[in-house]
Amino acid sequence: MPRVKSRKSPKIQDRLSARAMFVRRLRRGLKPAAMVAAVLLALVIVPALWSGAVGAATGPIRRGADAAVARLGFRVEHIRIEGATTTPASLVRSALGVDYGAPILGVPIAEAAERIESLGPVKRAVVQRVLPATLVIHVTERSPFAIWQGPDRRFVLIDRQGNVMLDHDAAAAKARDPSLLLLVGNEAPAHAAALIDRLAHYPAISRRIVAAQRVDDLRWNLILKDHAMVKLPAQHVGAALAELMSVQERIAILDRPVKVIDLRLADRLVVRPYPAGFMAGADQADENQPKTNPKPDHH
């Protein structure tokens, strides 16, 4: 009978030594460990080096750490702006002062936010890092409250607190919101909120007003659409407006051809009508003459 060759049993490998197993595990874990180290560097060490006196004393180390982390992908690649509806994005980015590709951990967050808040339309700004490569800017804007013609005769927007909102187009804001009131007088912004809040209770009056003029920082004149002037008192403005509203309901005085309605006297309302035939001539003149700003009234 033919002889059957026996198969050789496979050679059994020797068991790896403890040292060899350690080296193999070390090699396998080297890359994750490097990433962990990079994240630790990004989140803890570099911010610590950036802050306060430590940052001043270790400037070269900090810059080197920023560059090293940037090479690992921690650099500014995206800038996201949230909440800026009327403030141009280009203006916000310019105030941020950060270039694309810059080390994201080298961005001075607090200083960047302060620069953005220096923009007229911006009330508050918060700058955040979203690692590895995004800066998010949260903007809270001031709401336009009125339009003010300042001492230089330029028209600017102001907020409710009377702050001038620079870098804003007053004409564009008026087109978006025709209800914005025009204010005249050097001290007008500081007193605008109190006046506009009172007028809000009398829409039949407020919708006829095109401008409010602050006189000697004591009181207001209201300029109506038909060029009539309502002189308010220095005190008890609410009572004067209530009286005007009462007269309007009885005899529609605001719809009549009057030149001045004087409410400065507590016990009476004084009306100065236009001369006979004046309104027809005024309407014709309006068609041929450019509009002019109301002149200050000191009486």
Side-chain angles (χ1 to χ4, degrees), residues 144-149 155 157-158 160 162 170-171 173-299:
F145 189 68
I147 300 174
W148 175 46
Q149 186 180 32
F155 295 97
L157 288 174
I158 63 169
R160 183 177 178 83
K174 181 68 173 178
R176 289 191 302 268
D177 184 2
S179 67
L180 290 175
L181 185 62
L182 171 62
L183 306 175
V184 181
N186 293 350
E187 302 84 6
H191 304 276
L195 173 67
I196 293 175
D197 287 348
R198 289 189 181 277
L199 290 173
H201 296 288
Y202 305 98
I205 298 174
S206 62
R207 66 170 175 258
R208 290 175 164 85
I209 301 172
V210 295
Q213 177 189 48
R214 187 72 179 172
V215 181
D216 295 333
D217 198 22
L218 294 174
R219 61 176 195 84
W220 292 96
N221 288 337
L222 306 179
I223 313 302
L224 307 186
K225 292 179 180 179
D226 61 359
H227 307 293
M229 178 182 291
V230 177
K231 296 185 177 183
L232 296 177
Q235 297 179 341
H236 309 298
V237 174
L241 289 172
E243 175 63 18
L244 178 61
M245 190 67 238
S246 176
V247 175
Q248 171 65 13
E249 291 173 348
R250 294 199 309 270
I251 63 174
I253 190 171
L254 298 177
D255 301 309
R256 296 173 179 267
V258 297
K259 183 177 183 180
V260 175
I261 301 173
D262 195 337
L263 299 168
R264 290 177 294 174
L265 299 177
D267 60 343
R268 71 193 68 182
L269 181 149
V270 179
V271 177
R272 291 170 52 193
Y274 282 106
F278 176 82
M279 291 304 295
D283 291 341
Q284 182 64 34
D286 283 345
E287 296 178 359
N288 300 325
Q289 298 294 331
K291 300 294 182 182
T292 56
N293 298 319
K295 294 181 179 180
D297 174 30
H298 300 280
H299 303 287

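The model shown is predicted, which means the values in this text are computed figures rather than measured ones. Atoms considered below: every heavy atom in the structure, side chains included; atoms not considered: hydrogens, waters and symmetry mates.
- In this structure the side chain of Val230 never reaches within 4.5 angstrom of the side chain of Asn221, judged on heavy atoms.
- Nearest heavy-atom pair across Leu181 and Ala146 is O-CB, 3.4 Å.
- Within the structure, no pair that satisfies the salt bridge (charged side-chain N to carboxylate O under 4.0 Å, His left out) test touches residues 178-187, not counting sequence neighbours.
- Listed by chain and residue number, Asp197 satisfy the salt bridge (charged side-chain N to carboxylate O under 4.0 Å, His left out) test with Arg160 (two or more places apart in sequence, or in another chain).
- Note that the CD1 atom of Ile205 and the CZ atom of Arg198 stand 12.5 Å from one another [nearest 0.5 Å].
- Side-chain N or O atoms of Asp262 include one that pairs as donor or acceptor with a backbone N or O of Arg264 at under 3.5 Å.
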For residues 246-255, run the donor-acceptor check on the side chains, cut-off 3.5 Å, and write out each pair with its distance to 0.1 Å, sequence neighbours left out.
from   : atom 1 : to     : atom 2 : distance (Å)
Ser246 : OG     : Arg250 : NH1    : 2.8
Gln248 : OE1    : Ile253 : N      : 3.1
Gln248 : OE1    : Leu254 : N      : 2.7
Gln248 : NE2    : Asp255 : OD2    : 3.2
Asp255 : OD1    : Arg208 : NH2    : 2.8
Asp255 : OD2    : Arg208 : NH2    : 3.4

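- The distance from atom NZ of Lys231 to atom CD1 of Ile261, rounded to the nearest 0.5 Å, is 12.0 Å.
- The minimum heavy-atom distance between Ala175 and Pro178, with the atom names listed, is O-CD, 4.2 Å.
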Quick one: do Val271 and Val260 satisfy side chain to side chain contact (heavy atoms under 4.5 Å, CB included)? Show the steps, please.
-> CA-CA 6 Å; Val271 177; Val260 175; over 6 Å; no

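- Checked against side chain to side chain contact (heavy atoms under 4.5 Å, CB included), Ala188 has the following partners two or more places apart in sequence or in another chain: Trp148, Leu183, Arg214, Trp220.
- The two residues Ala228 and Val258 have their closest heavy-atom pair at CB-O, 3.2 Å.
- Ile209 CD1 to Leu222 CG: the interatomic distance, rounded to the nearest 0.5 Å, is 4.5 Å.
- When all heavy atoms are compared, the tightest approach of Ala170 to Leu157 is CA-CG, 4.0 Å.
- Other residues, nucleotides and ligands contribute more than 12 heavy atoms inside 6.0 Å of the NZ atom of Lys174.
- Gln149 and Leu182 make their closest contact through N-CD1, 4.3 Å (heavy atoms, listed as atom of the first residue, atom of the second, distance).
- In terms of heavy-atom proximity, Ile158 sits nearest to Ala192 at CD1-CB, 4.3 Å.
- Within the 4.5 Å cutoff, no side-chain heavy atoms of Val184 are placed close to those of Ile223.
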When the side chains of residues 233-245 are checked against the rest of the protein, which donor-acceptor pairs come out under 3.5 Å, sequence neighbours left out?
none

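- Not counting sequence neighbours, the partners of Lys225 by the side chain to side chain contact (heavy atoms under 4.5 Å, CB included) test are Val210.
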